[in-house]
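To start, the structure under review is shown below, and the notes come after it.
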Amino acid sequence: MIVYIVYLLAVTVTGLVCWKGDRPLRSAATVMIVSWAFTPMIVRLDAHGLNLPVTFVDIVTALIFVWLSMRWRRLWGAVLAALTIVCVAIRLVASVDPGIDNYSRAASYNVVTILQLVVLLVATWLTVRARRRANEGAVRS
């Protein structure tokens, strides 16, 4: 049940970002939702250790976020790229260490995912606030 709530939350947040955000935010939200939608389609449920297709999607997503952060030079882009790299690291560490069970890996992955959504929400709030302040300044002049 929690998985569905998190997916609904992710769709809601990315929809809000696409509606209220600027071009870099819309690009990041689109990459994120496509990555999250594509992952269940390619996951191997019988995989023990490193799930290569999902790891590949995470690496490509991290590279795209690194490019977005370098392209638009926004702090939230660098934080989003770093959190996505942490997601890749979680998968790699969980595959190397047999003491980490699937529930611990999933819990840590979910915490990082929630942090990514928080970064998107804060970036959207800052963008909307900056846009509103710019509009107020234009009206006063």
Same hydrophobic cluster for [X] and [Y], using side-chain heavy-atom links shorter than 4.5 Å among ILVMFWY?
X	Y	answer
F56	V31	yes
L63	V88	yes
I85	L75	no
V11	V13	yes
V60	V66	no

Nearest 0.5 Å, please: how far is [atom2] in [Y] from [atom1] in [X]?
X	Y	atom1	atom2	value
I90	S104	CD1	OG	11.0 Å
S108	I100	OG	CD1	7.5 Å
N110	C87	CG	SG	9.5 Å
I64	T84	CD1	OG1	10.0 Å

Atom CZ of R133: over 12 foreign heavy atoms under 6.0 Å
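Atom CZ in R133 is not packed in, count stays at 12 or less.
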Look at atom OH of Y109 and say whether more than 12 heavy atoms of other residues, nucleotides or ligands are closer to it than 6.0 Å.
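Check passes, neighbour count above 12.
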Side chain to side chain, [X] and [Y], heavy atoms closer than 4.5 Å:
X	Y	answer
L121	L117	no
W19	T124	no
L83	F65	no
W76	L80	yes
T61	M32	no
N102	R105	yes
Y7	P40	yes

For [Y], is there any backbone N or O sitting under 3.5 Å from a side-chain donor or acceptor partner on [X]?
X	Y	answer
R26	C18	no
D97	V93	no
T39	S35	yes

Do D58 and T55 get their side chains close enough for a donor-acceptor pair, meaning under 3.5 Å?
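Checked: D58/T55 side chains show no N/O donor-acceptor pair below 3.5 Å.
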For side chain to side chain contact (heavy atoms under 4.5 Å, CB included), just list the numbers for W72 and S27, CA-CA rounded to whole Å, side-chain angles, deciding distance to a tenth of an Å, and then say yes or no.
CA-CA 11 Å; W72 278 289; S27 300; 4.3 Å; yes
Atom of A81, atom of S69 and distance for their closest heavy-atom approach
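Closest pair (atom of A81, atom of S69, distance): CB-OG, 4.5 Å.
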What is the minimum heavy-atom distance between G21 and L25, and which atoms define it?
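Between these two residues, the closest heavy atoms are CA-CD1, 3.9 Å.
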Carboxylate-amine/guanidinium contact D22 R74, below 4.0 Å
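Looking at D22 and R74, the cut-off is met.
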